[in-house]
Amino acid sequence: MNFKTFILEHIWKLKPYSSARDEFKGKEGVFLDANENPVGSGLSEKWNRYPDPLQIAIKEQIATIKSCHTDQIFLGNGSDEAIDLLFRAFCNPGKDNVILLPPTYGMYGVSASINNVEIRNVALTPDFQLQPEKILAAGDTQTKILFICSPNNPSGNAAKREDIQYLLENFPGIVVVDEAYIDFSSEPSLIHELDQYPNLLVMQTFSKAWGLASLRLGMAFASPELIAILNQIKPPYNISGLTQETVLAALPNKGKVDELIQKIIEERTFLREELEKLPDVLKIHPSDANFLLVQVPDANRFYDGLIEEKVIVRNRSTVLHCEGCLRITVGTRDETLALLQAFEKIATN
Ligand SMILES: Cc1ncc(COP(=O)(O)O)c(C=O)c1O
């Protein structure tokens, strides 16, 4: 893929902001270059310096864990930052379009609308699989990005690998594969295929399996050329020092995270088995994620009833192919038991 012909002209020509910390990389010295307060806030002496704009220490550890190179990694303020930057780099407002595959994660559409970019929807099948030929037919010369969410939110299932590969080979723009939930799936990540597909961008996040949603740290993996474009247009210090320090402390605990993932997967099985025993549960969709999409006779009644019991789930019943469905996150055993108890109470009312 020749990004020079694909990227918006003003972005290609952009002279990015050069921060003080871009220019001098050393750690020792008398730092009078960034107009910082030299002594700190009085609350803490720790946070008076700007953080590393390119988060190199974190990327080195992620590169080892994911078996890729640091220049193939972009870090954003949540996955949402990478999504927004893709629109700003590649989509001409009012002119270009992107392809979304409903039902899917809502931020692709919101970001498209914020950036005044046309959305072309190609529905998933009723069992939430891709329709590759329809997707290719929906595009034209102004089509820039295809967003595939796998495992998908809100359905929970992974897309067929051969369909994603077919699209990577035939879609003439950037293919984003959002793997926010990949750690809960038996499917391997597409990160390992980056060298094969220059148009592939894989998104992952620290918000799910890593248990760090509050930090707001999303990862994007792609060719060094594509990552360089995102780095050029991001705000200079998009990841705070506090976030960087916390993630650096968490990354060596990958083994612990893997154990937690296993626990969540076991809890997902328990939740499924217990829900299946309830006569009001009509269908539980297959899940490769940390949630289940569950069909009940009257989703609004169940949703309201659960709220009354202080159990909050997501009502997805107005979403395409999700009629009567609630999306239920896998919680702790106690939370699962509270949900089941509330469910039974509503069912017998
Ligand atoms: C598919 C998908 N991608 C991305 C995100 C958001 O990730 P982040 O917290 O990194 O912005 C979510 C959040 O629910 C999601 O479901």
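Ligands are counted one by one from 1 in listed order, and the atoms in each one are counted from 1 as well. Owing to the predicted nature of the structure, the values given are computational and were not obtained by experimental measurement.
In this structure, L217 is a member of the same hydrophobic cluster as I62, with clusters built from ILVMFWY side-chain heavy atoms closer than 4.5 Å.
Distances shorter than 4.0 angstrom do not occur between any heavy atom of A213 and any atom of ligand 1. The closest approach between any non-hydrogen atom of R216 and ligand 1 is below 4.0 Å. At a 4.0 Å cut-off, not a single heavy atom of F206 sits close enough to ligand 1 to count as contact. Heavy-atom separations between K208 and ligand 1 include at least one value shorter than 4.0 Å.
Between Y105 and Y108, the two ring planes are perpendicular [angle over 60°; tilted spans 30° to 60°].
V319 belongs to no hydrophobic cluster, as no Ile, Leu, Val, Met, Phe, Trp or Tyr side chain comes under 4.5 Å of its own.
Taking the six-membered ring for Trp and the full ring otherwise, F90 and F87 have centroids separated by 6.0 Å or more.
Those atoms of ligand 1 with a heavy atom of D80 less than 4.0 angstrom away are 11 (O). Residue G78 has at least one heavy-atom neighbour below 4.0 Å for each of these atoms of ligand 1: 10 (O), 11 (O). The distance from ligand 1 to the heavy atoms of T205 drops below 4.0 Å at these ligand atoms: 7 (O), 8 (P), 9 (O), 10 (O). Within ligand 1, the atoms closer than 4.0 Å to a non-hydrogen atom of C149 are 1 (C), numbered from 1 in the order shown.
For ligand 1, one of its N or O atoms has an N or O atom of S207 under 3.5 Å away. Below 3.5 Å of separation, one finds no N or O of Y105 facing any N or O of ligand 1.
Side-chain atoms of T336 come within 3.5 Å of backbone N or O of T332 as a donor-acceptor pair.
Of all protein heavy atoms, the one lying nearest to atom 7 (O) of ligand 1 is S79 OG, 3.3 Å. Considering only non-hydrogen protein atoms, atom 2 (C) of ligand 1 sits nearest to D178 OD2, 3.4 Å.
Screening residues 111-128 for salt bridge (charged side-chain N to carboxylate O under 4.0 Å, His left out), with sequence neighbours left out, gives E118-R120, R120-D140.
Looking at F291, F147, Y181, Y108, it is Y181 that brings a heavy atom closest to atom 16 (O) of ligand 1.
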Working for side chain to side chain contact (heavy atoms under 4.5 Å, CB included), residues C149 and L101: CA-CA 8 Å; C149 187; L101 312 175; over 6 Å; no
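Cation-pi geometry between R333 and F270 is met: the NZ or CZ atom falls under 6.0 Å from the ring centre, inside 45° of the normal.
Between atom CG of residue L271 and atom CG of residue L275 there is a gap of 4.5 Å, rounded to the nearest 0.5 Å.
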